[in-house]
Amino acid sequence: MLNTHTIKHHFPLFDRHPSLVYLDAGATCPKPQEVIAAEREYEEAFSTNVGRGLYPLAEATTERFEAVRSQVARFIGAESEREIIFTSGTTASLNLAAALLAPTLRSGDHIITTELEHHSNSLPWIELARHSSKGELAHTKNIPLRLIPFTEEGSIDTDQLIALIDSKTRIVALSALSNVFGTRNPITDIIKRIRNRNPETIVIVDAAQMAGHFPIDVAQWDADLVAFSGHKMYGPTGVGILFGKQALLETLRPTTFGGGMVVDACAEPTEYKESPFCFEAGTPNISGVIGLGAAITFLEHIGFETIRTHEKNLLTMTLTRLRENFGDQIHILGTDDIEKRGGLISFTLDHIHPHDLAQILGEHDISIRAGEHCAALLHRKLGLSATARVSFGIYNTEEDVEKLISGIKNARTLFDTKTPLHSSI
Ligand code: PLP
């Protein structure tokens with residue numbers, strides 16, 4: 001069993017802020033000292049570039065950097081480190097995916113995504129469709145974007161998705177775990193059903209909220225492209241991954257050009273390195289990648305079984321305590337089935353706006369998120385302007401949950417009115 005008391009001491013943030021109740025891992029995780037130390041070690045003891053220098057320090061940096069690529073590949077069940085592209089985060093990974101796939105679209109193709117996506121996994125596809133409708137893609141135009149609704153329990157309506165797949169479905173982009181509902185989507189099953197309808201459809205998975213909480217197995221998913229961020233899995237900000245099946249990456253042309261990705265810049269046509277290096281122009285976030293390696297080691301040291309058991313306990317306790325205390329005044333989004341939930345809960349409460357709730361809790365050192373959580377369409381569909389969101393990490397304790405509950409009770413006393421601000425869900 002996870003000793004949450006000792007694990008908290010791995011996070012210097014809590015030494016600096018001993019009374020902090022941090023319930024916003026969905027936005028970003030505090031970093032354990034192992035990650036901070038690894039980044040610092042690189043800056044202090046190596047501080048050289050990768051893939052360029054021929055002197056020992058630079059070679060050592062390249063070796064460490066490339067070792068993390070192999071580590072990431074193993075961590076997510078990729079076949080080879082050549083399938084791992086370093087980016088600056090999920091958003092960059094998904095935008096890169098859209099840019100790489102744009103030239104592969106053909107007349108009559110369409111793209112599918114869902115109404116529960118984070119903006120990072122909707123806007124790149126919305127923009128791609130918009131550019132095509134304006135005739136701005138050189139080779140094709142009018143690539144429609146189709147949006148799949150979500151079910152009451154907050155997962156993708158798989159039947160509706162599958163019904164839309166036909167021979168012209170070129171891209172399907174979906175998330176593994178909704179950052180608002182907290183519901184996990186059955187990715188393996190969805191991809192299998194997509195493949196049965198059209199084996200050529202390229203499936204992109206936004207795994208930002210899975211990484212660090214559940215194991216990711218790209219082989220089991222059979223996904224073509226998968227995106228996630230370092231900072232949501234206890235790693236540094238400014239580093240992320242785009243996994244791509246090697247056979248697919250080999251067919252794609254780079255979209256960003258510069259140092260480190262070219263074999264012969266004077267050749268006609270220019271000769272680029274093989275993937276993933278051709279997709280990583282310029283100096284990468286080296287300390288971030290080294291820190292990401294340390295975050296993976298940290299996670300593997302704890303183990304996903306332990307992490308999941310801990311998060312499930314907190315989840316169960318929080319759902320119970322919220323319902324016990326606020327009854328029919330609280331409206332919790334997503335499923336009641338804990339097995340289908342990741343470690344986050346979004347809700348609204350009668351008589352208090354989520355922004356007010358978050359602000360008042362913040363004044364008492366309890367950090368939760370409030371707003372649309374970069375999922376405007378989802379909120380629009382539910383008729384909500386905002387929700388409050390609590391999200392857990394391995395450092396959270398039952399005491400944190402009790403503080404949250406008393407914090408919410410206190411906040412409500414300040415807004416004690418009989419007129420509800422929200423329609424119920
Ligand atoms: N996708 C989901 C589901 C997210 O929750 C987030 C961030 O909250 C992102 C994408 C974007 O991640 P990043 O800001 O690290 O690029």
Side-chain angles (χ1 to χ4, degrees), residues 22-31 35 72 76 85-99 113-127 147-148 150 154-156 172-187 190 203-214 216 221 223 225-243 284-285 288-289 291-292 295 311 333-334 340-346 358 367-379 381 386-393:
Y22 186 75
L23 293 165
D24 199 15
T28 196
C29 292
K31 287 40 170 172
V35 169
V72 173
I76 63 168
I85 302 171
F86 289 120
T87 68
S88 64
T90 308
T91 306
S93 296
L94 293 166
N95 277 275
L96 176 60
T113 186
T114 86
E115 289 176 348
L116 59 68
E117 302 304 318
H118 186 282
H119 294 161
S120 295
N121 198 28
S122 56
L123 292 175
W125 312 113
I126 290 171
E127 282 299 322
L147 287 171
I148 304 299
F150 45 81
S155 58
I156 295 166
V172 176
L174 39 84
S175 59
L177 198 160
S178 158
N179 67 313
V180 180
F181 288 120
T183 314
R184 284 196 283 166
N185 287 303
I187 294 296
I190 296 177
V203 186
I204 297 141
V205 179
D206 172 355
Q209 293 292 340
M210 284 287 276
H213 302 273
F214 295 93
I216 293 176
W221 281 351
L225 295 161
V226 177
F228 56 98
S229 299
H231 70 101
K232 292 188 199 287
M233 48 179 280
Y234 307 102
T237 52
V239 64
I241 300 296
L242 179 64
F243 155 86
N285 178 357
V289 168
L292 176 64
E311 289 187 4
L333 275 68
K340 290 187 183 168
R341 261 192 186 272
L344 68 91
I345 303 169
S346 300
S367 306
I368 70 160
R369 176 100 187 259
E372 286 187 337
H373 317 295
C374 303
L377 186 56
L378 182 157
H379 281 80
K381 286 270 156 184
T387 49
R389 185 184 73 184
V390 168
S391 51
F392 301 111

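When a ligand or atom number is given, it counts from 1 through the structure's own listing order. As a basis for the values below, the full set of heavy atoms in this structure was taken, side chains included, without hydrogen atoms, waters or symmetry mates.
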Are side-chain N/O atoms of His118 and Ser175 paired as donor and acceptor at under 3.5 Å?
->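 Not at all, the side chains of His118 and Ser175 share no donor-acceptor pair under 3.5 Å.
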Quick one: do the Thr87 and Ser93 side chains pair a donor with an acceptor below 3.5 Å?
->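 Yes - a donor-acceptor pair under 3.5 Å links their side chains.
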Proximal atoms of ligand 1 relative to [X] (non-hydrogen, under 4.0 Å):
{"X": "Gly26", "answer": "8 (O)"}
{"X": "Gln209", "answer": "3 (C), 4 (C), 5 (O), 8 (O)"}
{"X": "Thr91", "answer": "11 (C), 12 (O), 13 (P), 14 (O), 16 (O)"}
{"X": "Ser229", "answer": "12 (O), 13 (P), 15 (O), 16 (O)"}

Report the nearest protein non-hydrogen atom to atom 4 (C) of ligand 1: residue, atom name, distance rounded to 0.1 Å.
->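 Nearest protein contact, heavy atoms only, for atom 4 (C) of ligand 1 is His118 CD2, 3.2 Å.
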Any idea which protein heavy atom is nearest atom 12 (O) of ligand 1, and the distance to it?
->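 Nearest protein contact, heavy atoms only, for atom 12 (O) of ligand 1 is Thr90 CB, 3.5 Å.
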Looking only at atom types and distance, does a side-chain atom of [X] sit under 3.5 Å from a main-chain N or O of [Y], one as donor and one as acceptor?
{"X": "Asn121", "Y": "Leu94", "result": "no"}
{"X": "Lys232", "Y": "Ala25", "result": "no"}
{"X": "Ser229", "Y": "Ala208", "result": "no"}
{"X": "Thr183", "Y": "Ser155", "result": "no"}

Is any side-chain heavy atom of Val205 closer than 4.5 Å to a side-chain heavy atom of Leu174?
->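 Answer yes - side chains close enough.
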Structural part of Ala208 in contact with ligand 1, heavy atom criterion under 4.0 angstrom |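 Ala208 to ligand 1: side-chain contact only, backbone stays beyond 4.0 Å.
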Does [X] come within less than 4.0 angstrom of ligand 1, counting non-hydrogen atoms of the residue?
{"X": "Asp206", "result": "yes"}
{"X": "His231", "result": "yes"}
{"X": "Lys232", "result": "yes"}

